[in-house]
Structure formats: C-alpha cells, structure tokens
K.L.:
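After the structure tokens below, expect a handful of questions from me.
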Amino acid sequence: MRLSRYFLPTLRDNPKEAEIVSHRYMLRAGMIQQNAAGIYSWLPMGFKVLKKIEQIVREEQDRSGAQEILMPTIQPADLWRESGRYDDYGKEMLRIQDRAERDMLFGPTNEEMVTDIFRSHVKSYKDLPKNLYHIQWKFRDEVRPRFGVMRGREFLMKDAYSFDLTEEDAKIAYQKMFLAYLRTYKRMGLKAIPMRAETGPIGGDMSHEFIILAETGESEVFADKKWENVDLEAAGLSYEDLNGLNEYFEEKTSIYAATDEQHDPGAIAEDQLMTARGIEVGHIFNFGTKYSKPMGATVQNKDGDVVPVEMGSYGIGVSRLVGGIIEASHDGDGIIWPEEVAPFDIGLINLKAGDQACDGACEKLYADLSAQGKDVLYDDRDARAGEKFANMDLIGLPWQVTIGPKGVANGMAEVKNRKTGEKHEISIESAMEKLAA
Ligand code: ATP
Ligand code: MG
C-alpha cells in the first residue's frame, strides 16, 4: 500500500478525550473514529488489525472443534422472557420495537438464541457434544463507556456455546476452550492469566476470566508471583488427549490467580502474592442447565430419558483486544505491534520522494517484497524525514526500511526493528533477504 493513497488520518497531538495510551494511539494512528459515546467506526488500518485478531480467534476456535455460525444482532424479546433474563438484564440492554410493536433487542450476548437453535434440531445424546460459536457485534448500554474500544457500547465479541450430555463431558468442553484461549492469546503476543471469577448475570458454578496485566486495567487482580515465569505453551497437546487436557487445566488453575471479588487473602502467603491491575480479554462459564431447563433444550439419553443439556459459554473481547494489545506493547513513540497482528509487516520509507535514485530503489524493493508475500506500507509522500520517522514509529510496524539519497548511491538501506530499536545499515539486497525471510 502506498501511503500517499492510503486513508490514514493520523493526528500529531494527543486528543484530549483519550485517558489511556491505547485510546490515544488508536486515535492518533487513525485507526478508529468515534461516532457516538462508545460507538466507533473502524478505519482501514484499525479494521485490518481487528480482522487479524478475529482470524486468530477463529482459527483457534476451529482447531478446538468448535463450529462457526452467525447469529443476528437483533433478537426477539420473547426468547429472553423464556429464560427470565428480559427483566433481569436491566438498562444495559438496548430495547427496541419493530413496526408491529413487537419487542426486540440488540443482543448483548446470545445464550438464549443459541439455545433456541439447538433445541430446534438436536434431540438425541448421539448428536453431542456440540460447540457453536460466532463472531458478532454486541451492544451493551454501558453506564460509562470509556477508554476507546476497551469499554465500548457496541463491540465485537466471539462467543461460543457448548452442549453436552453430562457434567463430566461439559467439563471437557470447558477444558478445551481453556486451552484454546491460552493458545489464542499467546499467538497475539499476549500473556493472559486465567483467574477464578464470579459468574455474574450469566450464572453457573465454574468460571475463569483471562486477564492481561496492565497498569490501566479496570480490574484489581491478585496472583502468585510464579505467574511471571509460567509457560503457557502446550505445543504438542492434542484436543483429543483428554488426560493431557485435564492435567494441563489442573496445573494452570492450581497456581493462584483471582479477581478482587474472588480473592481470598488466606489462600496465599503474602510474600508470594502479586497485586496488579488487569484487562479482561475473555471470560468462560460453565452453567449447567441454567438455560436448557427453562427453555426446554433437552435430549434423550442412552436409557431413553429426556434430560436438559449441560451448557457453557465462552467469550472473547475481539475489539477490546486491539486496545489490550496496545496497552501491553507500546513505548513513548507509539505502538509496537506483535508480528501476528501487525497491520503491515514492513514500513518502507523513501526519504526523498521525487529523487530518481531513491524512487527507483524504493519501487523495486516495494515490488520485490510484495512479490515475496510481504505486506508493505510504502511512505512515498513528499514530506520531511522527521515526520516520516515519527509517523512510522507511531504506527508501530515490526520492521522499517529506509532509503535515502546518501545511502542509495552506495546501494545501502537502513533496517530498523521497531521493538528493539536496533538499526543496521546494510545493502539493499541484504535488506531484501532479511525482510523477505
Ligand atoms: P466486564 O467485566 O469488562 O464488563 P463482562 O464480564 O460484562 O465484562 P462478558 O459478558 O464476560 O463481559 O463478555 C465477554 C468478553 O467481552 C469480556 O471478557 C470482554 O473482553 C468483552 N467485553 C465485555 N464488555 C465489553 C465492552 N463494553 N467493550 C468491549 N469489550 C467488552
Ligand atoms: Mg466478565
């Protein structure tokens, strides 16, 4: 992509309304635009990152055996009357009426709707287990939308729902999601700690929140200092290996970590305890028959008895993760994107646009890197060097390669790693080799 043609409305100054770094950088880097409190448009670069995060989430859900569907954003209120949540949910639910004055709502979550889909089709234990998920916009009329996409009113969530015959099977479904979540966050360069959590309005008896530590986090959390060195990698572990899965789950959940509602000061020695702030990027629940019972989502078991299915639900804040990753990975100059979610792989800076040698070398490098499958943002604008460097640092692409009039005469380019700040003056051919790898 040529920067001269790209819609990237960057801001030089810090917007006053942005209280935390991710919100500041997302606005300054031209990733989002607010349209109303807690409601945002995603501009090209922000949208690209959002899609990359969504894709990682999707791949890891698929890998765990969950199946993607797409449910609507608008739901009939009657479904929520069946579960009893229509009255319980309160003001966070955006209630609307259609032209026939039927009560509708903009979905804040989808337990009722997915239970309705399930009960319409599945009647026998032989069709279990099932796990259905979708990645869809949600609306919650939050009292205090703030921090940009971190606490929006409209936000993108992945929500999965598991259906099993027995409590034991439901626990396996839970453990599979637990592993899928840790793999998902790891691929994004994040360390998310699973913490025992309250089940809240969703209900149920087993629940974990996945929390990334950051000073600007909204939750106060308590964790064993051991977490600093816990390796969440479970590279060879298969979703079919139920013993391995159980061992992994027991091992990770035995290391103390709790949100403030769940913290038990007696449970851990003071000198082993780390108190921190965190951002909730996912939340999983096992809630048994809370919805299947009132909504009549039942199956016939082996003995011919009709029983309600055991369910769980599993959320990931896809749009919140964009901000969460920035909170976890930035410096004073801007964003530092982990490679897997970076909007482009490489930023190519032409220090003297209009100069024949610079243009020629840049065009060639741009074409060659693109041919190698690299996604390059080429700053071909006629602008000052300082502005170009600052802009590239703000956007935070993993690699920068700069070609200027002095170097190009000797066939040289400068390659910079955004994360480490390391810069090397190398030949354009070696730059090509290094960056195409
Ligand atoms: P929170 O405690 O932050 O209000 P929640 O417990 O209400 O979140 P869940 O119902 O567990 O949220 O939703 C699943 C995930 O969706 C959360 O872990 C979070 O990452 C994300 N999420 C929830 N509310 C918002 C919001 N207002 N804006 C952006 N993401 C959100
Ligand atoms: Mg929660």
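We count residues from 1, following the sequence as given. Whatever order the structure lists ligands and atoms in, that order sets their numbers, starting from 1.
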K.L.:
Please state whether Met150 comes within less than 4.0 angstrom of ligand 1, counting heavy atoms only.
P.N.:
yes

K.L.:
Can you confirm whether Tyr133 sits close enough to Asp62 that some side-chain heavy atom of one is under 4.5 Å from a side-chain heavy atom of the other?
P.N.:
yes

K.L.:
State, to 0.1 Å, how close Ala173 and Asp164 come at their nearest heavy-atom pair, and which atoms those are.
P.N.:
CB-OD2, 3.4 Å

K.L.:
Which of the numbered atoms in ligand 1 are under 4.0 angstrom from any heavy atom belonging to Glu142?
P.N.:
24 (N), 26 (C), 27 (N)

K.L.:
Val376 and Ser370: which non-hydrogen atoms are nearest, and at how many Å?
P.N.:
CG2-OG, 4.4 Å

K.L.:
In terms of atom number and element, which parts of ligand 1 are under 4.0 angstrom from non-hydrogen atoms of Val281?
P.N.:
18 (O), 20 (O)

K.L.:
Taking only heavy atoms of Val149, which atoms of ligand 1 are found under 4.0 Å from at least one of them?
P.N.:
29 (C)

K.L.:
Could you check which of Tyr314, Phe155, Phe285 puts a non-hydrogen atom nearest to atom 24 (N) of ligand 1?
P.N.:
Phe155

K.L.:
Applying the side chain to side chain donor-acceptor pair (under 3.5 Å) criterion to Glu68, which one of His134, Lys158, Arg58, Gln61 satisfies it?
P.N.:
Arg58

K.L.:
Between Lys52 and Glu340, is the closest basic N to carboxylate O distance under 4.0 Å?
P.N.:
no

K.L.:
Examine the proximity of ligand 1 to Glu218 and report which part, side chain or backbone, both or neither, has a heavy atom under 4.0 Å away.
P.N.:
neither

K.L.:
Which atoms form the tightest heavy-atom contact between Glu54 and Leu156, and what is the distance?
P.N.:
OE1-CD2, 3.8 Å

K.L.:
I need the contact type for Glu280 against ligand 1. Using non-hydrogen atoms and a strict under-4.0 Å cut-off, is it side chain, backbone, both or neither?
P.N.:
both

K.L.:
Nearest heavy atom to atom 4 (O) of ligand 1: which of Arg151, Glu92, Arg144 does it belong to?
P.N.:
Arg151

K.L.:
As an exercise, identify every atom of ligand 1 less than 4.0 angstrom from a heavy atom of Arg140.
P.N.:
5 (P), 7 (O), 9 (P), 10 (O), 12 (O), 13 (O), 23 (C), 24 (N)

K.L.:
Show which atoms of ligand 1 fall inside a sub-4.0 Å distance from at least one heavy-atom site of Met157.
P.N.:
13 (O), 14 (C), 16 (O)

K.L.:
Rounded to the nearest 0.5 Å, how far apart are CD of Gln175 and OH of Tyr239?
P.N.:
12.0 Å

K.L.:
Give me the atom names and distance for the closest heavy-atom approach of Leu165 to Leu128.
P.N.:
N-CD1, 3.5 Å

K.L.:
Looking only at distances, please establish whether an N/O atom of ligand 1 is found under 3.5 Å from an N/O atom of His283.
P.N.:
yes

K.L.:
Salt bridge (charged side-chain N to carboxylate O under 4.0 Å, His left out), that's the test. Do Lys171 and Glu167 meet it? Break it down for me.
P.N.:
CA-CA 6 Å; Lys171 191 167 177 194; Glu167 279 178 37; over 6 Å; no

K.L.:
Is the closest N or O pair between Arg153 and ligand 1 shorter than 3.5 Å?
P.N.:
no

K.L.:
Say whether Ser319 and ligand 1 are in contact under the criterion: heavy-atom distance to a ligand atom below 4.0 Å.
P.N.:
no

